[in-house]
Amino acid sequence: MSVERIFDELGHFKKFQICLYFAAVFQAISCGIHYLASVFLVQKPSFVCVPPGNITDVLYGNLTGTSLEDVLPFFKPAIGPLVVRTAEGRQWELGACQRSERMNPADFTYEMLVNRTTELCQGNSLYVFDNSEVYGSIVTDWHLVCDREWLAKLCQPTFMLGVLVGALVFGDIADRVGRRRILMFTSLCQFVFGISVALAGNYFLFIVLRFLLAMVSSGYLVVVFVYVTEFTGNKVRTWTSMHVHAAFAVGIMIVAITGYLVRTWWIYQIILSTCTTPFLFFCWKFPETPFYLMAKGKLQETQDLLDSIARFNGLKPGVLRAEALLEPEEPLLEKDVERQGKLSILNLFGTWRMACRTLTVWAVWFIGSLGYYVFSLGSVNLGGNQYINLFLAGAVEVPSYIIGCYAMDRVGRKRTCAPALLLAGIACMLIIVVPNDIEVLAVILSMTGKFAIAIAFGLIYLYTCELYPTVIRSLAVGSGSMMCRVGSVVAPFCVYLADIWQYLPQLIVGILAFIIGLLTLGLPETLGEPLTSTMEEAEALGRKKSLETKKDPEEGVNLNQIR
């Protein structure tokens with residue numbers, strides 16, 4: 001089947017595709033929003049246990065005040081406790097999770113006394129939080145501190161678990177019921193679950209709703225990559241695929257701006273959930289992709305779609321016939337249509353060639369996510385304004401995607417992905433030999449590694465789409481995204497290994513990135529190749545090029561020079 005002829009006849013990225021692309025990518029902003037929203041949802045401001053009685057005086061180093069609110073913005077538990085005096089004359093040393101009463105104090109000074117009794121703080125009424133920057137988060141509302149702090153830390157892992165499940169589930173369903181239905185369903189659910197999270201009355205309902213929100217957000221992000229890929233020609237497919245990531249980065253920047261302007265978590269969540277609601281008013285007009293319709297043997301619906309694209313692009317409808325897109329030996333794709341109901345993740349491992357391809361692709365997804373989060377979580381604290389830092393974290397992704405796009409279209413997918421991983425691996429491993437007194441060099445190497453990982457991670461979406469046929473393309477991207485989420489779950493545990501040796505996390509990432517970079521050299525190149533529709537066509541990628549080179553060495557040399 002030569003469905004790629006659609007773009008040669010109707011345009012690779014004309015008016016119809018442009019409108020459809022930007023509409024679909026617009027909703028991808030919400031995915032970036034919900035993925036990063038927890039940064040401010042679970043903010044933990046400074047807090048201390050409160051003593052019984054009314055406080056009249058507060059000491060903290062050289063600072064004095066008449067209430068805890070006067071001093072709490074400057075409180076750091078590692079430096080020392082707050083010392084307070086109550087109206088009854090009792091003196092207390094207040095820490096984050098415990099308080100100590102001074103026994104028979106002579107004077108009210110900040111000097112720590114040995115003669116005191118200490119007790120742990122337990123219960124929702126025993127903490128006071130600093131409200132100077134954070135007016136309200138789930139931590140302050142539900143007192144998720146001290147012995148309940150693990151509940152706050154569980155917020156992001158459960159969300160990432162939902163992302164993992166959603167990537168696999170919706171990727172599979174999209175190959176069965178179509179891309180359009182999944183895009184509409186997940187978009188509506190993102191809005192409904194996003195608002196519901198803000199209205200959750202207790203922690204456990206909050207976690208459940210966030211898990212569901214993660215599933216549908218992940219489902220949309222997985223399917224939209226496939227959707228825009230199947231509506232754009234190979235001349236622009238690199239840019240259209242990579243810039244879905246840019247929309248995700250815009251979502252991160254929106255989180256930073258909203259977090260700065262709104263400091264109450266449920267209002268913040270509602271605003272974030274309504275940012276992309278205009279999409280709900282026109283997503284129902286989205287058509288199904290021609291690749292999916294042809295793979296299902298729906299010729300009449302395909303013809304109607306081709307005519308609509310032609311009219312919208314200012315061309316004469318009816319010139320391109322759906323029947324002409326079929327191969328003569330399989331006029332209605334009976335074999336593929338019959339196999340649709342039997343397709344599963346096992347089809348990714350149907351032959352040794354496909355199994356090796358799938359394992360390599362999964363490894364790239366995994367190291368892309370693991371490397372990104374290890375660099376982010378294990379880097380030196382940037383300091384300064386946390387909102388500006390998060391905004392820049394989203395903005396800095398854009399240059400890597402631009403450079404990645406140029407490289408992918410000029411030297412190829414494989415020749416961009418493999419060197420990027422190798423560069424990341426070398427940069428990571430070089431960090432371990434940098435002297436401790438040359439921090440600038442360590443930062444440069446760290447940013448080089450992160451930049452390179454971002455390029456590889458950005459292109460693997462498109463590369464995966466091009467390496468697999470229509471019948472399992474969404475499933476391939478979904479399973480790859482699942483491996484990505486595994487990497488994001490493993491990353492914090494990898495960072496904890498710094499307690500054993502400072503550079504052990506970077507060394508692990510460096511070794512894995514270098515090995516996977518070498519394995520990536522064995523993948524077929526897909527630059528300039530049409531999207532495949534059957535398993536046989538997908539398996540022939542690279543092998544057909546190799547056979548042609550063997551048959552005509554001179555022609556092979558010319559082809560390589562062109563690339």
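Keep in mind that this is a model prediction, so the values were computed, not measured.
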Check whether any side-chain N or O of S273 sits under 3.5 Å from a backbone N or O of G194 as a donor-acceptor pair, and report yes or no. yes
When rounded to the nearest 0.5 angstrom, what distance separates CG in L36 from CD1 in I254? 11.5 Å
Provide the closest heavy-atom pair for V255 versus Y268 in the form atom of the first, atom of the second, distance. CG1-OH, 3.3 Å
Measure the CD-NZ distance between Q17 and K14 for me, rounded to the nearest 0.5 Å. 9.0 Å
Quick one: does F457's side chain get under 4.5 Å of I367's, heavy atoms only? no
How close do A363 and I516 get, heavy atom to heavy atom, and via which atoms? O-CD1, 3.5 Å
Ring centres under 6.0 Å, that's the criterion: do F279 and F286 meet it? yes
Could you list the residues that satisfy salt bridge (charged side-chain N to carboxylate O under 4.0 Å, His left out) with K414, not counting sequence neighbours? none
Determine, step by step, whether R311 and S308 satisfy the side-chain contact (heavy atoms from CB on, under 4.5 Å) criterion, reporting the C-alpha distance in whole Å, the side-chain angles of both residues, the deciding distance to 0.1 Å, and the verdict. CA-CA 5 Å; R311 281 192 293 267; S308 297; 3.8 Å; yes
Between side-chain atoms of residues 28-35 and protein atoms elsewhere (two or more places apart, or another chain), which donor-acceptor pairs fall under 3.5 Å?
from, atom 1, to, atom 2, distance (Å)
S30, OG, Q27, O, 2.6
S30, OG, Q27, NE2, 3.3
S30, OG, Q190, OE1, 2.8

Hits for side chain to side chain donor-acceptor pair (under 3.5 Å) against Y203, two or more places apart or cross-chain, chain-then-number order -> none
Tightest non-hydrogen contact, residues I453 and A424, listed as CG1-CB, 3.6 Å
Considering all heavy atoms, the nearest L523-R357 contact: CD2-CG, 3.9 Å
Atom of G517, atom of L421 and distance for their closest heavy-atom approach: CA-CB, 3.7 Å
State, with a plain yes or no, whether a side-chain heavy atom of Y292 is found less than 4.5 Å away from one of V226. no
The reported gap from NZ in K285 to CG in L20 (rounded to nearest 0.5 angstrom) is 12.0 Å
Might you work through the side-chain contact (heavy atoms from CB on, under 4.5 Å) test for V262 and Y135, ending with a clear yes or no? CA-CA 9 Å; V262 182; Y135 303 153; over 6 Å; no
CZ of F231 to CG of L305: how many Å apart, nearest 0.5 Å? 5.0 Å
Taking the side chain as every heavy atom from C-beta outward, state whether P505 and V509 have any atom pair closer than 4.5 Å. no
Passes side-chain contact (heavy atoms from CB on, under 4.5 Å), E301 versus E288? Steps please. CA-CA 9 Å; E301 293 184 35; E288 188 53 81; 5.8 Å; no
Taking T264 for the side chain and I267 for the main chain, is one N or O donor matched with an acceptor at less than 3.5 Å? no
Out of curiosity, R413 CZ to C465 SG, how far, rounded to the nearest 0.5 Å? 10.5 Å
With sequence neighbours left out, what residues match S137 under side chain to side chain donor-acceptor pair (under 3.5 Å)? none
Is the distance from the ring center of W142 to that of F206 below 6.0 Å? yes
Closest approach of V228 to A24 (non-hydrogen atoms, all atoms of both residues): CG1-CB, 4.2 Å
Donor-acceptor check, side chain of T158 to backbone of C155, threshold 3.5 angstrom: yes or no? yes
Quick one, R210 and I207 - any side-chain contact, counting heavy atoms below 4.5 Å? no
Just wondering, more than 12 heavy atoms not from F185 lying within 6.0 Å of its CZ? no
Measuring only between side-chain heavy atoms, which start at C-beta, is L41 closer than 4.5 Å to Q269? yes
Does F451 form a side-chain contact (heavy atoms from CB on, under 4.5 Å) with I403? I'd like the steps, not just the answer. CA-CA 10 Å; F451 180 81; I403 294 176; 3.5 Å; yes
Measuring only between side-chain heavy atoms, which start at C-beta, is R415 closer than 4.5 Å to E525? yes
For F22, is the CZ atom crowded, meaning more than 12 foreign heavy atoms sit under 6.0 Å from it? no
Side chains of M184 and W284 in contact at under 4.5 Å (non-hydrogen atoms): yes
Quick one: does any side-chain atom of T140 pair with a main-chain N or O of G136 as donor and acceptor, under 3.5 Å? no
Pairwise distance CG(L272) to CD1(I257) - rounded to 0.5 angstrom: 11.0 Å
I'd like to check the side chain to side chain donor-acceptor pair (under 3.5 Å) partners of W266; sequence neighbours left out, ordered by chain and number. none
How about Y387 and F40: are their ring centroids closer than 6.0 Å? yes
Any chance the side chains of S479 and W365 put a donor and an acceptor closer than 3.5 Å? no
Do V222 and F170 come within less than 4.5 Å of each other through their side chains, counting heavy atoms only? no
Taking 4.0 angstrom as the limit, do E149 and K44 come out as a salt bridge? yes
Does I271 offer a backbone N or O that forms a donor-acceptor pair with the side chain of T274 under 3.5 Å? yes
So which pairs with a foot in residues 179-188 pass side-chain hydrogen bond (donor to acceptor under 3.5 Å, both in side chains), sequence neighbours left out? D175-R179, R179-E230, R179-S474
Give a yes or no on whether the backbone of L213 and the side-chain of S217 come within a donor-acceptor separation of less than 3.5 Å. yes
